[in-house]
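Below you'll find the structure I mean.
In what follows, chains carry the letters A, B, and so on, assigned in the order in which the sequence lines appear, proteins first and then strands, with residues in each chain numbered from 1. Because the structure is predicted, anything quoted here is derived from the model rather than measured.
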Amino acid sequence: MHRFSYQKCKNIMNMTKNLVIVESPAKAKTIEGFLGKEYTVRSSFGHVADLNSKKLSVDVENDFEPQYEVSPDKKKLVAELKKMAKAAETVWLASDEDREGEAISWHLFKVLKLTVEQSKRIVFHEITKTAILHAIENPRSIDENLVSAQQARRVLDRLVGYELSPLLWRKVKPSLSAGRVQSVAVRLIVDREEEIKNFTTTSAFRTQAEFQLINGENPQTFTAEYSERFKTFEEAKAFIEKQVGAAFTVNSVEKKPAKKSPAPPFTTSTLQQEASRKMGYSVANTMRIAQKLYESGRITYMRTDSVNLSKLALSSAKNEIEKLYGEEYVKIRRFATKSKGAQEAHEAIRPTYMNNSSIDGAPEEQRLYDLIWKRTIASQMSDAQLERTKVLISSTLAPKDFVASGEVIKFDGFLKVYMEGTDDENGEQSSGILPPVSKDDLLDLLEMRSTERFSKHPPRYTEASLVRKMEELGIGRPSTYAPTISTIQKREYVVKETREGEKRKIQNIVLKNGAIEEKELIENTGSEKAKLFPTDIGVLVNRFLMQYFDDILDYNFTANVEKEFDEIADGKKEWNHIIKEFYGPFHKKVEETQEGSGKFSGERLLGVDPKSGKNVFVKIGRYGSIAQIGDTDSEEKPRFAGLRKNQGLETISLEEALKLFDFPRHLGEFEEKEVSVAIGRFGPYIKHNNLFFSLKKDYSPASVTLDEAILIIGEKREADKKKVIRIYEEDEEVQVLNGRYGAYLVIKKQNYKIPKDVEPANLSLEDCYAISKDPKNMPKKKFARKKK
DNA sequence: CAGTGAGCGAGCTTCCGCTTGACTT
């Protein structure tokens with residue numbers, strides 16, 4: 001339809017009639033396959049323009065005008081796209097159909113210097129040929145209102161983050177951060193810990209009996225629980241004693257049909273939860289593996305809040321289920337999203353090809369794929385049909401009934417493939433199959449026991465359950481769940497820890513063969529696996545923000561501003577009016593807090609040091625929690641000591657704090673140099689001749705002796721000798737050493753890589769100097785660390 | 001990785017949301 005000149009053909013690589021720009025390169029590749037030769041598809045790799053990260057970049061005096069620039073890592077890309085756009089007849093802006101996607105198209109329009117005539121905006125929710133062709137036939141223009149809504153979101157987050165963070169640097173500690181999303185995530189964890197602290201454990205006695213049919217042909221036994229729980233051991237004991245010699249009869253049998261339905265296909269959040277529950281993956285790990293599956297074309301896009309499946313996916317799921325399990329297992333369903341603020345620009349996470357029930361590749365990729373395949377397939381399968389049975393059993397010597405419940409699967413349906421995991425840690429077993437019993441059947445009592453059961457505090461969050469809560473509150477987006485979880489850990493507001501539990505005694509009374517026995521059982525309680533705990537600094541920052549900015553920390557803050565963003569998108573409100581309403585009071589509060597309040601160190605007076613008569617405090621210092629003897633403004637300099645890893649500001653006692661000052665402890669002399677033991681940031685260590693030797697677990701810093709210290713020094717010297725591959729007499733500052741990652745070169749305490757093609761042991765001194773001069777062997781630059 | 005912590009007051013830190021690579025001292 002259009003004839004190319006010879007001139008144009010020469011430049012065919014850069015020359016295309018139609019340039020389509022999408023957000024993701026993997027998507028670009030797929031779509032290019034759907035479109036003809038006259039289309040070139042490229043990716044913007046997400047946003048191309050943003051506010052400068054060094055400055056506020058919002059003109060608060062001038063209607064909050066944002067100052068955008070091309071992101072530093074996108075300069076090259078933008079230049080390239082610009083060139084291609086200039087040569088193209090039409091540029092199709094095909095970023096996602098959500099607030100951020102609209103803004104990406106708008107930024108592309110601006111930075112590529114496009115015209116309305118030359119460009120078209122298209123959208124699609126699924127990557128299928130039909131959807132793409134349909135989109136091309138129905139272009140629209142950029143939705144300015146939606147762009148404004150994104151702008152409001154961006155500016156609000158910048159103002160909150162870049163005004164609150166510096167306030168924290170001044171009032172609490174440098175380099176801290178606060179934001180609309182991360183600060184609420186921290187609050188959730190701090191609040192939960194508070195709930196746990198205030199939780200009072202109670203216990204009750206649950207009584208269970210094991211029965212068997214008398215004279216029945218079925219020897220199967222089953223368990224029933226007495227309908228009442230006893231508050232005390234005495235009550236439980238009295239009850240059990242009374243049951244000696246009682247007769248037991250089936251009082252009633254009730255059967256009810258029930259059904260179970262499959263869970264919807266995966267979104268980012270539910271995938272993270274299931275991978276955590278079933279495989280123990282961290283959210284970052286899950287996303288890393290999912291990204292690989294996406295890039296290799298195995299699954300659809302992994303950052304999505306939609307539970308929707310394309311028609312194509314539904315019909316191929318149907319085929320697959322029919323083929324594998326039969327027609328009666330098929331039930332095509334459309335799920336509706338429940339989460340707040342979902343924008344549904346993509347499909348749910350599903351296999352690209354439903355007929356691939358398994359894939360090759362790394363084991364972790366296979367496992368995650370298997371999970372996704374099963375979940376997707378199961379979501380289109382029939383309900384499981386169950387029969388629930390409730391049997392009431394009466395005792396001639398008890399006022400109430402025993403209850404046995406059972407569940408039988410009549411038709412497995414989706415359960416054939418997949419069962420959603422649970423966060424329930426109580427591990428209550430689901431009731432199994434009951435033997436066939438009928439009313440008035442007589443039962444033999446085999447055993448009865450009443451066991452003490454303790455109530456459980458609300459569970460601490462895992463990474464994945466925190467994501468679920470955030471999604472529920474509408475805080476954060478699929479693309480930010482994993483990064484946010486990592487930020488609050490990097491800032492040391494929270495730590496992910498596995499803690500050993502404690503042993504607890506539980507009382508137990510057993511009636512068997514007419515005899516009663518009292519037993520004390522031991523159970524493990526309070527153990528936690530990969531749970532999120534708040535740190536001192538997390539608690540302190542949360543308290544600071546709650547005191548001065550409780551409106552932003554409100555669990556509904558995001559949900560409320562989202563409503564306003566929606567009104568902007570609908571053209572009902574101006575974006576900068578919304579920002580102005582917020583910023584006025586907010587900024588005033590920032591200034592008041594800046595000037596009004598002093599340092600917020602969480603200082604707590606523990607008491608008086610009996611030795612010196614001075615006050616003992618704990619507080620947050622530059623590097624974490626510290627104890628202090630003596631007042632800060634006193635003549636004499638106060639003494640400091642860091643708290644141990646397992647000690648907290650809130651919980652440490654005066655005695656424990658004073659013990660911290662027992663270090664450094666002088667042990668004596670060795671080789672005419674002093675030997676001392678102390679405790680640093682990374683645990684206890686021996687210091688000798690300005691060298692440090694970490695103290696292994698088998699020694700305690702409080703009791704280690706000079707002789708033991710000398711032994712440790714000797715061992716370390718031996719180990720260091722083995723580390724040395726080569727030293728040079730001519731220049732003692734040059735060493736070739738053996739490290740964790742193989743041989744490396746050290747010159748004047750500076751490390752260098754050794755090129756792979758040389759044998760480290762054969763390096764001459766000149767070789768070493770040459771290596772050190774080559775810039776490609778330079779160590780990677782670390783974040784500029786403060787020098788003292 | 002480094003074994004401190006206030007103070008001198010340079011210059012640094014920071015948000016959320018969209019996308020991948022480039023790194024493996």
Side-chain angles (χ1 to χ4, degrees), chain A residues 22-27 43-51 53-58 71 73-74 77 95-96 98-101 103-104 107 150 153-169 173-183 291 294-295 301 303 345 475-481 483-484 487 491 558 599 601 619-628 632-633 637-643 663-664 678-687 690-694 739-742 744 746 750-753 778-788:
Chain A
V22 295
E23 289 183 38
S24 143
K27 202 171 172 179
S43 150
S44 75
F45 293 80
H47 276 292
V48 290
D50 193 13
L51 307 173
S53 71
K54 302 278 173 208
K55 298 182 287 192
L56 186 65
S57 302
V58 174
S71 313
D73 55 333
K74 297 288 166 58
L77 173 78
S95 48
D96 299 343
D98 56 19
R99 212 160 56 201
E100 298 299 324
I104 289 173
H107 282 138
Q150 190 274 346
R153 199 279 306 155
R154 182 68 190 93
V155 168
L156 175 81
D157 284 338
R158 172 51 69 94
L159 291 172
V160 169
Y162 273 43
E163 294 217 354
L164 285 188
S165 301
L167 196 58
L168 290 177
W169 306 342
K173 210 178 101 152
S175 304
L176 294 176
S177 64
R180 174 178 59 83
V181 171
Q182 59 169 283
S183 296
Q291 175 88 32
Y294 170 64
E295 281 170 11
Y301 196 55
R303 289 187 276 261
I475 297 165
R477 304 276 311 131
S479 67
T480 61
Y481 294 139
T484 303
T487 298
R491 298 270 177 277
T558 290
K599 270 255 177 193
S601 69
K619 65 178 189 185
I620 296 273
R622 219 169 181 351
Y623 299 97
S625 307
I626 52 172
Q628 172 181 347
T632 306
D633 49 9
K637 196 171 121 173
R639 293 170 64 205
F640 297 96
L643 262 59
F663 299 99
I679 295 169
R681 204 145 61 100
F682 307 98
Y685 62 93
I686 305 273
K687 194 175 173 186
N690 276 328
L691 292 172
F692 300 91
F693 306 86
S694 26
R740 246 193 320 156
Y741 306 100
Y744 66 103
V746 187
Q750 180 77 263
N751 295 349
Y752 301 92
K753 272 190 286 195
M778 282 298 281
K780 226 188 109 191
K781 263 185 202 135
K782 286 264 170 201
F783 249 64
R785 200 177 268 269
K786 220 180 88 100
K787 292 243 167 80
K788 14 173 201 177

Checklist entry - What does A/Thr480 touch in the nucleic acid at a heavy-atom separation under 4.0 angstrom: a base, only the sugar-phosphate, or nothing? => result base

Next on the checklist: Side chain of A/Asp50 only, heavy atoms from C-beta on: which candidate in B/dT13, B/dC16, B/dT20 is closest?
Outcome noted: B/dC16

Next on the checklist: Between B/dG3 and B/dT25, how many Å separate the two P atoms, rounded to a whole number?
Outcome noted: 22 Å

Checklist entry - Does the side chain of A/Leu56 come within less than 4.5 Å of A/Leu159's, by heavy atoms? => result yes

Checklist entry - What is the distance, rounded to the nearest whole Å, between atom NZ of A/Lys54 and atom C1' of B/dG11? => result 11 Å

Checklist entry - With a 4.0 Å cut-off on heavy atoms, is A/Leu176 in touch with a base, just the backbone sugar-phosphate, or nothing at all? => result sugar-phosphate

Checklist entry - What nucleotide among B/dT4, B/dT19, B/dC18 has an atom nearest to a side-chain atom of A/Arg303? => result B/dT19

Checklist entry - Quick one: side-chain hydrogen bond (donor to acceptor under 3.5 Å, both in side chains) partners of A/Lys619, sequence neighbours excluded? => result A/Gln628

Checklist entry - Can you tell me how far P of B/dT20 sits from CD of A/Glu295, to the nearest Å? => result 6 Å

Checklist entry - Quick one: A/His107 NE2 to B/dG17 P, roughly how many Å, whole number? => result 16 Å

Next on the checklist: Nearest whole Å is fine: how far is B/dG17 C1' from A/Leu156 CG?
Outcome noted: 13 Å

Checklist entry - So what does A/Asp73 touch, heavy atoms closer than 4.0 Å: a base, only the sugar-phosphate, or nothing? => result nothing

Checklist entry - Are A/Arg303 and A/Asp96 ion-paired here, with the side-chain N under 4.0 Å from a carboxylate O? => result no

Checklist entry - Looking at the side chain of A/Val181, which of B/dT14, B/dG17, B/dT20 is the nearest nucleotide? => result B/dG17

Next on the checklist: Please pick, from B/dT20, B/dT14, B/dC16, the nucleotide with the shortest atom-to-atom distance to any side-chain atom of A/Arg154.
Outcome noted: B/dC16

Next on the checklist: Rounded to whole Å, please give me the gap between CD in A/Glu23 and P in B/dG21.
Outcome noted: 15 Å

Next on the checklist: Taking any heavy-atom pair under 4.0 Å as a contact, classify A/Ser175: base, sugar-phosphate, or nothing.
Outcome noted: base

Checklist entry - Do A/Arg477 and B/dC18 share a donor-acceptor pair, side chain to base, under 3.5 Å? => result no

Item to check | Distance, P atom - from B/dG17 to B/dG21, rounded to whole angstrom | outcome: 23 Å

Checklist outcome for this item: Across all chains, not counting sequence neighbours, the ring-ring contact (aromatic ring centres under 6.0 Å, His included) partners of A/His47 are none

Next on the checklist: Taking any heavy-atom pair under 4.0 Å as a contact, classify A/Gln291: base, sugar-phosphate, or nothing.
Outcome noted: sugar-phosphate

Next on the checklist: Just to be sure I understand the rule, does A/Glu163 reach a base, reach only the sugar-phosphate, or reach nothing, if contact means heavy atoms closer than 4.0 Å?
Outcome noted: nothing

Checklist entry - Touch check for A/Phe693, heavy atoms < 4.0 angstrom, all strands: base, sugar-phosphate only, or nothing? => result nothing

Next on the checklist: Side chain of A/Ser165, heavy atoms from C-beta onward: which of B/dT19, B/dC15, B/dG5 has the nearest atom to it?
Outcome noted: B/dC15

Next on the checklist: Closer than 3.5 angstrom, by distance alone: can the side chain of A/Ser71 be matched with the main-chain N or O of A/Asp73 as a donor-acceptor pair?
Outcome noted: no

Item to check | Rounded P spacing from B/dT19 to B/dC23 in Å | outcome: 23 Å

Item to check | Bracket string, DNA chain B, 5' to 3' - pairs by Watson-Crick or G-U geometry under 3.5 Å, | interstrand | outcome: .........................

Checklist entry - When the nearest nucleotide of DNA chain B is assigned to A/Leu643 and to A/Leu56 on a heavy-atom basis, which residue is associated with the more 5' position? => result A/Leu643

Checklist outcome for this item: A/Tyr294 atom OH is separated from B/dG21 atom P, nearest whole Å, by 11 Å

Checklist entry - Whole-Å distance between B/dG17 P and A/Ile104 CD1? => result 13 Å

Checklist entry - A/Arg491 side chain: which of B/dC18, B/dC15, B/dT19 is closest? => result B/dC15

Item to check | Integer angstrom distance from the P of B/dC1 to that of B/dA22 | outcome: 24 Å

Checklist outcome for this item: Rounded to whole Å, NZ of A/Lys687 lies from C1' of B/dA2 at a distance of 11 Å

Next on the checklist: Considering every strand and a 4.0 Å limit on heavy-atom distances, what is the contact class for A/Ala178: base, sugar-phosphate, or nothing?
Outcome noted: sugar-phosphate

Checklist entry - Between B/dT19, B/dT13, B/dC16, which one does the side chain of A/Arg153 approach most closely? => result B/dC16

Item to check | Sugar-phosphate only, base, or nothing, as touched by A/Gln182 at under 4.0 Å among non-hydrogen atoms | outcome: sugar-phosphate

Checklist entry - What does A/Thr487 touch in the nucleic acid at a heavy-atom separation under 4.0 angstrom: a base, only the sugar-phosphate, or nothing? => result sugar-phosphate

Item to check | Under 3.5 Å: donor-acceptor pair, side chain of A/Ser165, backbone of A/Gly161 | outcome: yes

Next on the checklist: Check for me: is A/Tyr162 stacked on B/dC15 by the 5.5 Å centroid and 30° plane-angle rule?
Outcome noted: no

Checklist entry - Nearest nucleotide by nearest heavy atom, which residue falls closer to the 5' end of DNA chain B, A/Ala641 or A/Ile475? => result A/Ala641

Checklist entry - B/dG3, B/dC18, B/dC16: which one has an atom nearest the side-chain heavy atoms of A/Asp96? => result B/dC18

Checklist entry - Is the shortest distance from a Lys or Arg side-chain nitrogen in A/Asp50 or A/Lys74 to a carboxylate oxygen in the other one below 4.0 Å? => result no

Checklist entry - Reckon A/Ser53 touches a base, only the sugar-phosphate, or nothing at all at heavy-atom distances under 4.0 Å? => result base

Checklist entry - What does A/Gly179 touch in the nucleic acid at a heavy-atom separation under 4.0 angstrom: a base, only the sugar-phosphate, or nothing? => result sugar-phosphate

Next on the checklist: By the 4.0 Å heavy-atom rule, please label A/Tyr481 as base, sugar-phosphate, or nothing.
Outcome noted: nothing

Checklist entry - Who are the salt bridge (charged side-chain N to carboxylate O under 4.0 Å, His left out) partners of A/Glu163, not counting sequence neighbours? => result none

Item to check | Partner set under salt bridge (charged side-chain N to carboxylate O under 4.0 Å, His left out) for A/Arg180, not counting sequence neighbours | outcome: A/Asp157

Checklist entry - Is any side-chain N or O of A/Arg639 closer than 4.0 Å to OP1 or OP2 of B/dG5? => result no

Next on the checklist: Taking any heavy-atom pair under 4.0 Å as a contact, classify A/Gly642: base, sugar-phosphate, or nothing.
Outcome noted: base

Checklist entry - Which value, in whole Å, describes the distance between the C1' atoms of nucleotides B/dG9 and B/dT13? => result 16 Å

Checklist entry - Which residues pass the side-chain hydrogen bond (donor to acceptor under 3.5 Å, both in side chains) test with A/Ser625, sequence neighbours left out? => result A/Asp536

Checklist entry - Is there a donor on the side chain of A/Arg158 or the base of B/dC16 sitting less than 3.5 Å from an acceptor on the other? => result no

Next on the checklist: Looking only at the side chain of A/Phe692 (C-beta and beyond, no hydrogens), which of the listed nucleotides B/dG21, B/dG3, B/dC18 gets closest?
Outcome noted: B/dG3

Checklist entry - For the side chain of A/Ser95 and the backbone of A/Val22, is there at least one donor-acceptor N/O pair under 3.5 Å apart? => result no

